[in-house]
Amino acid sequence: MQHLGCSHRFCATLCILSSMKQIFALVDCNNFFVSCERVFNPHLEGCPVVVLSNNDGCIIARSNEAKALSIPMGMPLFEANKIIRHHNIHVYSSNYPLYGDMSARVMNALGTFSPHMEIYSIDEAFLGLAGFEHRGLRDYGLNIKNTIKQWTGIPVSIGIAETKTLAKIAGHIAKRSDKANGSFTITDESTKCNVLDKIKIRDIWGIGSRWAQMLNDQGVKTALDFHNLHERWVRKRMGITGTRTLLELRGQPCLNLESHPPDKKTIRVSRSFAKPVTNRQVLRESVAAFAARAAEKMRRNGLVCSTVNVFVMTNQFNPKNYYRGSASHSPPVPSNHTAEITQAAMIAFENVWTPGLQFKSAGVMMLGLVPVERIQGQLFFQPNKLVNERKKRLMVAFDKINSNIGNNTIRIASTGVDNRAKCGVYTLQNYRSPRYTTCWSELPIVQA
DNA sequence: TCTGGGGTCCTAGGACCC
DNA sequence: TCTGGGGTCCTAGGACCC
């Protein structure tokens, strides 16, 4: 956020970001996970398809055909089973190695259309198109859409406007309107008002279910209604976040393009178990495996953490016996070393373990993350440079072995010697497709 | 019976300081 | 008996996102 000399905090956060007119393009992959499956299984085209969350718990992606059958986002699989059988819906477990790789291909292709890009999520990116002629924007969007489809097989929709929030709304129209054909621009006031009048309050980026309910209760039903509210009222009821959304809808950019992702502030690894865990050793080994995985993530991001938090939970959908325990422990110095992080997690674990409970999920959080080169020195603790260098080299070798030969080829003993507690073993994945692009033994086979 | 995982920001209130 | 004013930092909880 740029600061244009306004000292008041509120003004500072709302100031217009640049004197030059911004243009944002939101590129959104259509039903991304389903589209990834379809690239390698073209016969799924035109069929209802859903993709499940980890542990085959909920439906987290749906093809248009599945949406037309009124399957809501997040529906638990057990509730959907009847409709799945009845309509012969194709079901897939989530296959993150495949989706991550396909995402990288899409993002690489998008990078050729603008030097200014923010990768917003696995299936979305904003492009900065400031300086482009308004008249040519929609065609540019169509060009992007066709190129991505041709290069990667993934269908995308493009929304173009002067703020991110409006670009999101343009993307919403691009995806749903036949006339838009996948690319829609909002660059003039009358188009904007026409469009906002048709957008439900819940479909505005930044307005979730709670605020939508509150606004609906106040008679604010459409994006246009919201757009016309008094700024003071919004500030009072929805804070600075809601006010930013309001101003963005009015064409005043409050959210900048984040070309370089800011450093992470927390890293979390957590899983729910396929079956409740009552055994101390099994839970302990799982937490150790999560900690090891988190340490690996920190190393990949060049970060160290000062505190390790461990949490364990019983079934959250059973409020009667619900228990959530959480405890933290700090390693002597900030670290991303697997052994040190795991050790800290094991100490914290002792404070959350409670016998006699049925644990349904557990996880670890790395807190106080800082870049590895900014570790704070300690007055009474002089690190041994030689030891440090050896530790670092050990972790480099550790990561190299696991990346070249396969995850968990080498691991720390507290995650379980019989390999049962490694990440994912307790997770159901009954419907996973092959890792077509990231695993030699699962490459697609082309028949002559 | 079966209900994901990983993040962010903002705000209010308490502890603590001088 | 009477007991200030102003600031920072931390944390928990609530909202949001995909």
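By convention in this document, chain letters (A, B, ...) are assigned in the order of the sequence lines, proteins followed by strands, and residues within each chain are numbered from 1. Worth knowing before you read on, the calculation uses all heavy atoms, side chains too, and leaves out hydrogens, waters and symmetry mates. Since the structure is predicted, the reported quantities are computational estimates derived from the model, not experimental observations.
Legend: side-chain hydrogen bond (donor to acceptor under 3.5 Å, both in side chains) pairs involving residues 325-334 of chain A, not counting sequence neighbours, sorted by first then second residue: Thr307(A)-Ser330(A), Asn309(A)-Ser326(A), Asn309(A)-Ser328(A). Listed by first then second residue, pairs satisfying ring-ring contact (aromatic ring centres under 6.0 Å, His included) with a partner in residues 99-129 of chain A read Phe33(A)-Tyr99(A), Tyr96(A)-Tyr99(A), Phe113(A)-Tyr140(A), Tyr120(A)-Phe126(A), Tyr120(A)-Trp205(A), Phe126(A)-Trp205(A), not counting sequence neighbours. Counting only residues at least two apart or in different chains, salt bridge (charged side-chain N to carboxylate O under 4.0 Å, His left out) contacts with residues 319-343 of chain A comprise Glu340(A)-Lys391(A). Residue pairs satisfying the salt bridge (charged side-chain N to carboxylate O under 4.0 Å, His left out) criterion with at least one member in residues 91-105 of chain A, sequence neighbours excluded, are listed as follows: Asp101(A)-Arg105(A).
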### Task
Start with the C-alpha gap between Lys164(A) and Glu258(A), add the side-chain angles, then the distance that decides, and say whether salt bridge (Lys or Arg N to Asp or Glu O under 4.0 Å) holds.
CA-CA 11 Å; Lys164(A) 282 180 163 183; Glu258(A) 310 263 4; 5.7 Å; no
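Counting any heavy atom pair closer than 4.0 Å across all strands shown, Leu77(A) reaches no nucleic acid atom. At the heavy-atom level, Ser361(A) lies nowhere under 4.0 Å from the strands shown.
Ion pairing between a basic and an acidic side chain is recognised when a charged N comes within 4.0 Å of a carboxylate O; Arg244(A) and Glu231(A) show no such pairing. Contact check on Glu296(A) versus Arg293(A) returns a salt bridge, with a Lys/Arg side-chain nitrogen under 4.0 Å from an Asp/Glu carboxylate oxygen. No salt bridge links Arg432(A) with Glu37(A); every basic N to acidic carboxylate O contact stays at or beyond 4.0 Å.
The nucleotide range of DNA chain C contacted by chain A, defined by atoms under 4.0 angstrom from heavy atoms of the protein and reported 5' to 3', is dA15(C) to dC18(C).
By the side chain to side chain contact (heavy atoms under 4.5 Å, CB included) test, Gln218(A) pairs with Met214(A), Val220(A), Trp233(A), Arg237(A), sequence neighbours left out. Under the side chain to side chain donor-acceptor pair (under 3.5 Å) criterion, Thr165(A) pairs with Glu248(A), not counting sequence neighbours. Considering only residues two or more places apart in sequence or on other chains, Arg176(A) meets the salt bridge (charged side-chain N to carboxylate O under 4.0 Å, His left out) condition with none of them.
More than 12 heavy atoms of other residues, nucleotides or ligands sit less than 6.0 Å from atom CD of Glu373(A).
For the segment residues 335-352 of chain A, the set of residues with a heavy atom within less than 4.0 Å of an atom of DNA chain C is empty. Within residues 78-105 of chain A, the residues that have a heavy atom under 4.0 Å from DNA chain B are, in order of number, Phe78(A). Contacts between residues 195-228 of chain A and DNA chain B, defined by a heavy-atom separation under 4.0 Å, are absent.
Between Ile186(A) and Ile160(A), every side-chain heavy-atom pair lies at or beyond the 4.5 Å cut-off.
Aromatic ring centres of Tyr92(A) and Tyr431(A): separated by at least 6.0 Å. Taking the ring centroids of Phe226(A) and Trp211(A), they lie at or beyond the 6.0 Å cut-off.
Rounded to 10 degrees, the angle between the two end axes of the helix from dG5(B)-dC18(C) to dC18(B)-dG5(C) is 10°, with five pairs used at each end.
Judged by closest nucleotide on DNA chain B, Pro276(A) is the one of Pro276(A) and Pro262(A) placed further toward the 5' end. Position along DNA chain B of the nearest nucleotide to Phe317(A) versus Gly239(A) favours Phe317(A) as the more 5'-ward residue.
Comparing the C1' positions of dC17(C) and dG4(B) gives a spacing of 15 Å, expressed to the nearest Å.
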